Amino acid sequence: MLTFPRWKITLILLTLGIGILCAIPSFLPERITNQWPKAMQVRVNLGLDLSGGSHLLLEASTDDVTKARLTNMEDQIRTELRRGDPRIAIGDISRRDGKLSFMVRNPAQVDAAVERIRPLTQGAGMTGQRDFDVTVVDSSTIVLSPTDAGIAASVNSAMEVATEVIRKRIDELGTREPSIVRQGDNRIVVQVPGLQDPKQLKDLLGQTAKLEFKLVDFTANPAEVAQGRAPVGSEVLPYPTNPSGVPFIAVKRQVMVSGDELTDATQVYEQQGNLPAVSIRFNASGGRKFGKVTSENVNRPFAIILDGKVLSAPNINEPILGGTAQISGSFTVESANQLAIALRSGKLPVALKVVEERTVGPQLGADSIRAGIIASVVAASAVAIFMFLSYGRFGMYANMAVVINILVILGVMGLLNATLTLPGIAGFVLTIGTAVDANVLIYERIREERRRGRGVVQSVEFGYKEATRTIFEANVTHAIAGGIMLALGSGPVKGFAIVLLIGIATSVFTAVTFTRLVVATWLRRARPADLNI
């Protein structure tokens, strides 16, 4: 039990050494560590409550999700009834009262139309319901009504996609360890440490980034367009930078190419005027569509629409066949870069509005760090004094293990690129207090073995052997609680659980293995006749 082969000694010291080395960068300014090799640039990131930053609570409108579902279902119905054999002619599709209704021109085809439409509806999760109910009214009118289960499933799906899109957009900003967590059915909490001005973040997340290319309806009467009226098959959209001075324009409803077919978007400068613009590249399918549309509509204006607003409507002077295009408008370098980020990360399936906004200043974070350091120092000092007064030399060995344990925890967190929050500091203080529990169990067992009359070496050997079982059992239950907090908690709870779990693993290693190595080395060298413990 007290015999350590050379390879085991080397392995223990090497493990602790690596942990301590990985903790060093966290104590140094980033300007220094950035000059080090990449492998040594590991450090503990500070959370929002320590480094300051921005906190946003975003809320999605379920009405937008319902409208998007109706639009998508309308397109599917038209396509399915038009492509099928025989073709089924229908009248205009109405969206009154949040339902889709249309009349089948030939009443004899109503049943066939229902059979084709019903497969377009899907199961709403595990509820056993469909997302749309299909009914026939007045023998020739088909009505599709969204079900509550279908709406709930769509909102959940949209929020999952929105969370991932937000994560991609924030990652493009180059920030470290953002916290993006869903709250309730239709809210998302975003916390970005180190970002003191939330305006850039709000501008980026406020863009749905729904990009569409549509043909301009040049047959529309300008006077009617100014009043918000457009010919059948067209719609009126805002166009703030319209050269004609009218802040509206009529465009065809049919989307020729959409932003879903983009593969890349970057901020560039126009060749003429050197103004900021956004260069976009389509995938193979989008490139073919874009080339076909521009080839068939030379000398006609082409509207570039973002989130329901026309950015520009340039004239198609020649076919654009390379699968790339350029979006120009009244951009600044910052706004063009934000648009490029939004397009690269994909469109939000639902518009999000900011319902709560907080900015945590760096001074408040510095105060939290200072308070945490003071608490840690006081806790460590109190534990060290108690252990020394209670166990003498053996107490000093336990104190050495506590100091090494703190450094190794920081090293492991640095390797994991983990984030330290204020609850994480609380976990640190708790770890310091409980790190010596294992040593107390061991030392009390050694005392008990000495009282039973065992020799010095036997007492130490039995003390470590018998107490180790209890230590592992106690820490397993401790780790189970921490694991549950990590799996089910979020934000501060998760930060506390991460430090707690790392602390459990490192404290057991240092308190049991490291102190046993130190005690065994001292026994071989000093060969004491008695133990002052």
Side-chain angles (χ1 to χ4, degrees), residues 63-64 66-83 87-103 105 144 207-262 280 282 286 288-320 325-330 343 347 351:
D63 292 339
D64 292 342
T66 304
K67 290 177 182 177
R69 292 177 69 240
L70 291 176
T71 300
N72 183 51
M73 180 57 74
E74 180 180 348
D75 293 340
Q76 291 184 63
I77 290 172
R78 291 187 184 279
T79 302
E80 184 64 29
L81 298 182
R82 184 173 58 248
R83 287 181 179 176
R87 181 173 179 173
I88 299 176
I90 62 174
D92 291 335
I93 299 179
S94 169
R95 297 189 192 175
R96 184 176 299 176
D97 299 327
K99 302 177 182 180
L100 293 178
S101 60
F102 57 92
M103 185 181 68
R105 298 192 185 278
L144 281 82
Q207 285 186 312
T208 309
K210 181 182 180 182
L211 184 67
E212 297 173 318
F213 294 83
K214 297 181 178 181
L215 291 174
V216 174
D217 188 352
F218 58 87
T219 65
N221 188 325
E224 293 185 349
V225 170
Q227 296 176 4
R229 295 197 301 269
V232 176
S234 299
E235 61 182 339
V236 176
L237 294 179
Y239 186 11
T241 58
N242 193 341
S244 68
V246 179
F248 300 99
I249 191 172
V251 299
K252 296 289 186 181
R253 287 186 181 275
Q254 184 179 4
V255 179
M256 309 307 294
V257 187
S258 73
D260 294 335
E261 296 171 299
L262 290 181
I280 58 177
F282 295 101
R288 285 194 298 270
K289 289 182 183 178
F290 195 70
K292 184 174 183 293
V293 171
T294 54
S295 299
E296 295 175 350
N297 295 277
V298 174
N299 295 325
R300 290 184 61 183
F302 198 69
I304 302 173
I305 305 163
L306 179 69
D307 295 343
K309 184 185 295 184
V310 176
L311 296 178
S312 61
N315 204 56
I316 302 174
N317 297 321
E318 59 184 9
I320 305 174
Q326 194 173 93
I327 303 174
S328 58
S330 54
L343 293 176
K347 72 176 182 180

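Note that the numbering runs from 1 along the sequence shown for the chain. Only a predicted model underlies this, so the values are computations on that prediction, with no experimental measurement involved.
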After noting the C-alpha distance and the side-chain angles of Met73 and Ile77, does the key distance pass the side chain to side chain contact (heavy atoms under 4.5 Å, CB included) rule? CA-CA 6 Å; Met73 180 57 74; Ile77 290 172; 3.9 Å; yes
What pairs of residues pass the salt bridge (charged side-chain N to carboxylate O under 4.0 Å, His left out) test when at least one of them lies in residues 301-319, not counting sequence neighbours? none
Taking all atoms of both residues into account, what is the closest heavy-atom pair of Pro301 and Ala313, and its distance? CB-O, 4.2 Å
From Leu70 CG over to Ile93 CD1, what is the distance, rounded to the nearest 0.5 angstrom? 10.5 Å
What I'd like to find out is whether the side chain of Asn315 reaches to under 4.5 Å of the side chain of Asn299, using heavy atoms alone. yes
Nearest 0.5 Å please: distance from the OG atom of Ser258 over to the NZ atom of Lys289. 6.5 Å
Kindly write out the residues that satisfy side-chain hydrogen bond (donor to acceptor under 3.5 Å, both in side chains) with Asn297, not counting sequence neighbours, or none if the list is empty. Arg300
side-chain hydrogen bond (donor to acceptor under 3.5 Å, both in side chains) with Glu235: which residues, sequence neighbours excluded? Lys214
List in chain and number order the residues that pass side-chain hydrogen bond (donor to acceptor under 3.5 Å, both in side chains) with Gln227, two or more places apart in sequence or in another chain; answer none if no residue qualifies. Arg229
For residues Asp217 and Pro231, determine if any side-chain heavy atom of one lies less than 4.5 Å from a side-chain heavy atom of the other. yes
Separation between CZ (Phe302) and CE (Met256), nearest 0.5 Å, reads 6.5 Å
Measuring from atom OH of Tyr239 to atom CD1 of Ile305, what distance do you get when rounded to the nearest 0.5 angstrom? 11.0 Å
Output all residues satisfying ring-ring contact (aromatic ring centres under 6.0 Å, His included) with Phe102, sequence neighbours left out; order by chain, then residue number. none
Minimum side-chain heavy-atom gap Gln76-Glu80 below 4.5 Å: no
Over all atoms of both residues, closest heavy-atom pair of Val298 and Pro319: CG2-CD, 4.0 Å
Least distance between heavy atoms, Ala230 atom then Val236 atom: CB-CG2, 3.6 Å
Heavy-atom nearest pair, Val310 first then Ala303, reads CG1-CB, 4.4 Å
Sorted by chain and residue number, the side-chain hydrogen bond (donor to acceptor under 3.5 Å, both in side chains) partners of Lys292 (sequence neighbours excluded) come out as Glu296
Taking all heavy atoms of Phe282 and all of Ala325, pick out the closest pair and write down the distance. CE1-CB, 4.3 Å
Would you call Leu237 and Phe248 a side-chain contact if the rule is heavy atoms closer than 4.5 Å? no
Of the non-hydrogen atoms in Gly286 and Val257, which two are nearest, and what is the gap between them? O-CG1, 4.3 Å
If only atom types and distance count, is the side chain of Asp97 paired as donor or acceptor with the main-chain N or O of Lys99 below 3.5 Å? no
